[in-house]
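Reminder, nothing fancy here: chain letters follow the sequence lines and each chain counts from 1.
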Amino acid sequence: MAAKRTILWFRKGLRVHDNPALVKACEGASAVQPVFVLDPWFIKPERVGANRLRFLLESLTDLDASLRARGSSLLVLHGDPARVIPAALEAWRCDRLCYEFDTEPYAQKRDASVNEAARALGVEVHAPVSHTLWDLDRLLAKCPRGEPPTAYASFLKIAHGVGPVPPVAPDVPSITPLSDGDALSDGKDLVDALRDVVTGSGIPSLERLGYEPIKAGEGFPARGGETEGLARLRKMLARTTYIAEFKKPQTNPTELWTPVLGKEGKVKGAPPANPFEAAKKSSKEPKSTQLAEAFMAPATTALSPYLKFGCVSPRTFWHELRAVLDVELGGKHSKPPESLEGQLLWREFYYLAGYGTPNYDRMAGNRICRQIPWTWDEERLAAWEESRTGFPWIDACMMQLKQEGWMHHLARHAVACFLTRGDLFVHWEAGAAVFDRELVDADWALNNGNWMWLSCSCFFYQYFRVYGPVSFGKKYDKEGAYIRKYLPQLKDMPAKYIYEPWTAPIEVQRKAGCVVGVDYPAPIVDHAVASKECIEKIAAAYNAHKNGTAGSIVAAGKKRKAGDGV
DNA sequence: GCATAGTTGAGAAA
DNA sequence: TTTCTCAACTATGC
């Protein structure tokens with residue numbers, strides 16, 4: 001076999017461990033050039049928030065360092081990948097292109113276009129699967145009629161039916177660069193399409209990309225990248241009690257990022273005012289070996305952004321987790337769907353649903369999505385998005401999203417329910433778009449799937465189970481520490497009123513320095529009234545669905561209980 | 001055709 | 001603290 005000149009195209013999968021595309025790229029290669037293309041379609045503040053972009057840039061910096069340690073480096077290009085990649089293949093006279101397979105519609109379209117151009121150039125393309133536990137085409141082939149299940153238990157059967165999770169790819173100790181006089185490091189010999197290659201360090205800053213810098217004390221409280229992601233994974237895996245008992249629905253959405261120890265669980269004492277600074281300090285000045293192992297974490301693992309960008313391989317996560325569950329815990333631990341492995345399987349569940357469902361990210365033309373007459377009320381949507389619904393629990397969650405690009409899973413439930421079926425009856429697509437922009441871990445399949453879940457459009461249908469915008473947060477955090485952190489205007493409100501400041505006597509509001517209607521908005525809806533109206537509207541939509549699909553009107557009528565009206 | 005398990009809520013009643 | 005109800009649906013097994 002002739003030696004191959006190869007472009008290794010990074011998109012997700014920003015790692016050197018368990019990277020089958022990297023392994024393939026180095027197989028019989030005379031030279032390999034790793035590239036990442038900053039796609040201007042994505043890189044703008046209205047589409048990708050500063051927190052996620054910063055996480056991406058940190059991940060690229062870390063990847064570049066890992067590649068340099070292997071004799072190579074990452075070249076960051078700007079432009080539409082459908083033009084940039086074929087141009088680079090041609091300019092560098094490459095005959096092989098390797099990248100990680102991507103199941104999202106945007107990526108599928110982009111990759112089809114690149115593949116076609118590559119074929120025309122006589123370039124062979126390899127796109128191995130490593131972003132999901134299994135090859136989704138194999139899972140899809142096991143689905144009845146090729147339609148992914150909308151119930152978790154059914155998914156588990158299909159997943160187990162395709163066999164064990166494939167092993168991780170071997171490590172690649174060295175990568176041969178394109179060093180034969182091509183001078184690629186600054187991209188100076190590239191064709192016109194590549195003229196705006198970023199020079200210097202190669203990886204631009206947020207500001208260079210037209211973003212405002214993230215304020216001190218704000219931002220996602222952990223660094224992006226494979227090195228940090230694997231370190232956090234392994235520190236989490238050392239917490240065997242935490243892993244054994246992990247039940248996602250029972251974790252606390254109001255828990256702030258606090259120092260965590262490898263074996264011991266939470267560090268004693270009050271949480272620091274600024275977790276990010278505290279973490280840096282504690283790693284610089286270890287008071288003991290135990291403290292040196294401490295890392296900042298909320299109630300859940302916060303590994304989601306590392307999985308989203310592929311800084312951490314889901315298969316590495318899976319196999320290392322299984323080793324702890326089977327060997328150290330001897331099988332005595334929580335089980336899916338609530339357990340940690342259950343969380344990886346939820347991810348796979350949504351990825352499969354997204355891969356096998358046309359128009360998955362919208363209501364119209366979406367086979368699995370209930371058709372519900374949501375509104376696009378811009379005032380309500382803006383109030384929700386800008387933390388001025390007048391419900392401190394909801395507004396604090398949305399402020400954490402804005403500042404850090406992250407909030408706990410159940411906080412996402414609370415605000416998504418509030419926007420859609422619980423109170424405001426605004427379209428889930430509008431909420432999904434906000435999450436897609438702001439979340440550091442925004443993941444197309446998971447985000448749209450969860451919005452369908454929370455809006456009772458698919459996967460979950462008990463629309464009368466509504467999260468209370470007052471009761472839900474209060475259940476976890478009676479004193480309202482979470483609200484006080486993210487809504488400082490309420491920091492002196494007595495605990496008795498902090499979830500419902502409009503019920504506080506005016507003298508209490510004045511004393512707290514927060515008068516409702518002046519310093520903090522009055523609630524935009526009466527929850528009791530709004531939720532009742534929402535439930536009625538969804539019931540009507542469900543009835544219309546029943547009467548309009550499978551079986552017949554007669555069959556649907558037979559199921560109706562007395563007193564259903566009509 | 002029917003029963004059943006599963007499925008990440010709140011609040012009253014026991 | 002546990003149980004029940006409130007306006008539901010999917011998938012499976014018999």
Side-chain angles (χ1 to χ4, degrees), chain A residues 142-145 147-161 246-254 299-300 334-340 342-343 345-347 349-350 352-353 357 367-372 391 393-394 407-418 420-423 446 449-476 499-500 527-528 530-552 554-556 558-566:
Chain A
K142 293 261 180 195
C143 298
R145 298 175 304 283
E147 295 177 358
T150 56
Y152 188 75
S154 309
F155 166 78
L156 287 188
K157 282 201 175 147
I158 287 165
H160 292 140
F246 189 91
K247 288 187 179 174
K248 183 78 163 277
Q250 289 174 30
T251 54
N252 180 351
T254 64
T300 46
S334 58
K335 299 278 174 350
E338 295 110 329
S339 66
L340 268 176
Q343 303 311 305
L345 293 166
W346 276 116
R347 176 177 181 271
F349 170 83
Y350 283 129
L352 182 62
T357 308
R367 170 170 52 76
I368 64 174
C369 183
R370 282 287 184 285
Q371 303 298 303
I372 296 169
F391 290 95
W393 159 242
I394 299 297
M407 59 173 132
H408 186 279
H409 180 70
L410 291 177
R412 301 180 195 199
H413 276 222
V415 300
C417 179
F418 184 85
T420 58
R421 69 182 170 87
D423 291 88
L446 279 59
N450 275 311
W451 274 94
M452 282 191 268
W453 178 297
L454 264 307
S455 61
C456 284
S457 297
C458 187
F459 308 117
F460 177 81
Y461 309 93
Q462 288 177 268
Y463 52 77
F464 44 87
R465 288 190 179 178
V466 176
Y467 290 84
V470 169
S471 55
F472 190 69
K474 197 188 267 181
K475 186 165 71 177
Y476 299 94
Y499 285 88
E500 305 169 89
H527 173 66
S531 59
K532 192 164 177 287
E533 285 174 3
C534 285
I535 287 169
E536 282 165 4
K537 283 188 245 184
I538 297 174
Y542 271 32
N543 275 325
H545 173 81
K546 256 196 305 209
N547 296 336
T549 52
S552 65
V554 179
K558 266 169 76 179
K559 276 191 169 179
R560 236 178 253 151
K561 283 179 240 157
D564 263 20
V566 187

Which ones in residues 530-541 of chain A lie close to DNA chain B, meaning a heavy atom under 4.0 Å from one of its atoms?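 None, since no heavy atom is under 4.0 Å.
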Taking the [atom1] atom of each, how far is [N] from [M], in whole Å?
N: B:dA5; M: C:dT3; atom1: P; answer: 15 Å
N: C:dC4; M: B:dT4; atom1: P; answer: 15 Å
N: C:dT1; M: B:dT7; atom1: C1'; answer: 23 Å

So what does [X] hit on the nucleic acid, given a heavy-atom distance under 4.0 Å: a base, only sugar-phosphate, or nothing?
X: A:Lys157; answer: sugar-phosphate
X: A:Arg370; answer: sugar-phosphate
X: A:Tyr542; answer: sugar-phosphate
X: A:Ala151; answer: sugar-phosphate
X: A:Phe472; answer: sugar-phosphate

d([atom1], [X]; [atom2], [N]) in whole Å:
X: A:Phe460; N: C:dA11; atom1: CZ; atom2: P; answer: 16 Å
X: A:Tyr467; N: B:dT8; atom1: OH; atom2: P; answer: 8 Å
X: A:Arg421; N: C:dC6; atom1: CZ; atom2: P; answer: 18 Å
X: A:Trp346; N: B:dT7; atom1: CH2; atom2: C1'; answer: 8 Å
X: A:Met452; N: B:dT8; atom1: CE; atom2: P; answer: 16 Å
X: A:Trp393; N: B:dG9; atom1: CH2; atom2: P; answer: 14 Å
X: A:Tyr476; N: B:dT8; atom1: OH; atom2: C1'; answer: 8 Å
X: A:Gln462; N: C:dT5; atom1: CD; atom2: P; answer: 14 Å

Mind listing the closest non-hydrogen atom pair of A:Pro253 and A:His408 along with its distance?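 Residues A:Pro253 and A:His408, closest heavy atoms: CA-CG, 3.3 Å.
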Taking all non-hydrogen atoms of both residues, which atom of A:Ile372 and which atom of A:Cys456 are closest, and how far apart?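 Residues A:Ile372 and A:Cys456, closest heavy atoms: CD1-O, 4.0 Å.
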Given C:dA11, C:dA7, B:dT8, identify the nucleotide with an atom nearest to the side chain of A:Pro249.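 For A:Pro249, the side-chain atoms sit closest to B:dT8.
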Which nucleotide in the list B:dG11, C:dC9, B:dT8 gets nearest to the side chain of A:Ser471?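 In terms of side-chain proximity for A:Ser471, the closest of B:dG11, C:dC9, B:dT8 is B:dG11.
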Is the shortest side-chain heavy-atom distance between [X] and [Y] below 4.5 Å?
X: A:Phe464; Y: A:Ile538; answer: no
X: A:Gln343; Y: A:Phe246; answer: yes
X: A:Asn450; Y: A:Phe459; answer: no
X: A:Arg367; Y: A:Glu147; answer: yes

Strictly under 6.0 Å, is that where the ring centroids of A:Trp393 and A:Tyr499 end up?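 No, too far apart.
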Under 6.0 Å from the NZ atom of A:Lys532, do we count more than 12 heavy atoms belonging to anything else shown?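 Open: at most 12 neighbouring heavy atoms sit under 6.0 Å from NZ of A:Lys532.
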Does NZ in A:Lys142 sit with more than 12 non-hydrogen atoms of other residues, nucleotides or ligands closer than 6.0 Å?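 No.
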Between A:Lys475 and B:dG9, is there a side-chain N or O to OP1/OP2 distance below 4.0 Å?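 No, because none of the side-chain N or O atoms of A:Lys475 sits under 4.0 Å from OP1 or OP2 of B:dG9.
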Check the phosphate of C:dA11 against A:Thr150, side-chain N and O only, distance under 4.0 Å to OP1 or OP2. Yes or no?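 The answer is yes; a side-chain N or O of A:Thr150 sits under 4.0 Å from OP1 or OP2.
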Among A:Tyr152, A:Trp453, A:Trp451, ring-ring contact (aromatic ring centres under 6.0 Å, His included) partner for A:Phe460: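 Passing option: A:Trp453.
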Output the pairing pattern of DNA chain C as a dot-bracket string, 5' first, Watson-Crick or G-U wobble with both distances under 3.5 Å, | for cross-strand pairs, [ ] for crossing pairs. ||||||.|||||||
